[in-house]
Amino acid sequence: DTGVSQDPRHKITKRGQNVTFRCDPISEHNRLYWYRQTLGQGPEFLTYFQNEAQLEKSRLLSDRFSAERPKGSFSTLEIQRTEQGDSAMYLCASSLGQASGEKLFFGSGTQLSVL
Amino acid sequence: KNEVEQSPQNLTAQEGEFITINCSYSVGISALHWLQQHPGGGIVSLFMLSSGKKKHGRLIATINIQEKHSSLHITASHPRDSAVYICAVEGYGGSQGNLIFGKGTKLSVKP
């Protein structure tokens, strides 16, 4: 499968624990994006990378959230000291990164439940 | 008021019907995306457009930049078209991927 893959698909954790999600983009894609989606709502932008550089972060991304893309390939999103309000679907997408207005390719998401 | 509004929120149709989903936005944009989301979360990009009209199979997307409005049409609808359809815009001058999403239109096509 050469699409965008995310791991894990589901994560259940207790409040206060740290969690880390992984996203593997399509191999030749330079841009990688993270979004968050709560039930019944559209996704919300969190952050994006051009190769290994994190170029933009949403104000939604509090200090408890950190994202990395160390070698410009896969990316991780870590949430420290999780809160119940962090429960959501975390979506990753990638694109070629050669121009504006490119088609995005999405992963299946990681569903986080914070108890 | 949300920057991206979709209507209707929910839509039930009979197989074979012509379907229209509308998207209005209040910001200047460089591009508009139509996305399809099936139960379980997976999102597929259907169209990316900045002007005019695009067609792919039974799907047609149009955009009117002056009126800040886009429509997604499905001809000869089929139960497999049942999904949530999401409109998302790239704000003009903003970074690509920093999309503003609508809440989605949930479509159910009955056989």
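Within every chain, numbering begins at 1; the chains are lettered A, B, ... in the order of the sequence lines, protein sequences first and strands thereafter.
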Check your understanding: So what's closer than 4.5 Å to chain A heavy atoms on B:Ile43: side chain, backbone, both or neither?
Key -> both
Check your understanding: Take atom CD in A:Glu78; do more than 12 heavy atoms of anything else shown fall under 6.0 Å from it?
Key -> yes
Point to revise | Interchain contact, A:Gln37 with chain B, by part (heavy-atom threshold 4.5 Å) | key: side chain
**Study point:** Gap between atom NZ of A:Lys103 and atom CG of B:Leu46 - 0.5 Å precision
**Key:** 8.0 Å
Review point. Is chain A contacted by the side chain of B:Gln37, its backbone, both, or neither, given a heavy-atom distance below 4.5 Å?
Key: side chain
Check your understanding: Once you round to the nearest 0.5 Å, how far does CE of B:Met48 lie from OG of A:Ser95?
Key -> 10.5 Å
Check your understanding: Taking atom CG of A:Leu55 and atom CG of B:Asn98, what is their separation to the nearest 0.5 Å?
Key -> 11.5 Å
Check your understanding: Would B:Leu107 and B:Phe47 show up in the same hydrophobic cluster when neighbours are defined by side-chain heavy atoms closer than 4.5 Å?
Key -> yes
Review point. In terms of hydrophobic clusters joined by side-chain contacts under 4.5 Å, are A:Phe49 and A:Phe65 together?
Key: yes
Review point. Are side-chain heavy atoms of B:Ile86 and A:Pro43 found at a separation under 4.5 Å?
Key: yes
Exercise for review: Treat each ILVMFWY residue as a node, draw an edge where side-chain heavy atoms are under 4.5 Å apart, and state whether B:Leu35 and A:Leu104 are in one component.
Suggested key: yes
Review point. Any chance the rings of A:Tyr35 and B:Phe101 have centres within less than 6.0 Å?
Key: yes
Practice item. Determine, using the 4.5 Å side-chain heavy-atom cutoff (strictly less than), whether B:Ile65 and B:Trp34 are members of one ILVMFWY cluster. Key: yes
**Study point:** From CA spacing to verdict: side chain to side chain contact (heavy atoms under 4.5 Å, CB included), A:Phe45, B:Leu99
**Key:** CA-CA 6 Å; A:Phe45 170 80; B:Leu99 301 176; 5.9 Å; no
Review point. Counting only heavy atoms not in A:Leu60, do more than 12 fall under 6.0 Å of its CG?
Key: yes
Practice item. Could you look at B:Ile100 and say if it's the side chain, the backbone, both or neither that has a heavy atom under 4.5 Å from chain A? Key: neither
Check your understanding: Are B:Val84 and B:Val4 joined in one hydrophobic group, where the rule is that I, L, V, M, F, W and Y side chains link up if heavy atoms are under 4.5 Å apart?
Key -> no
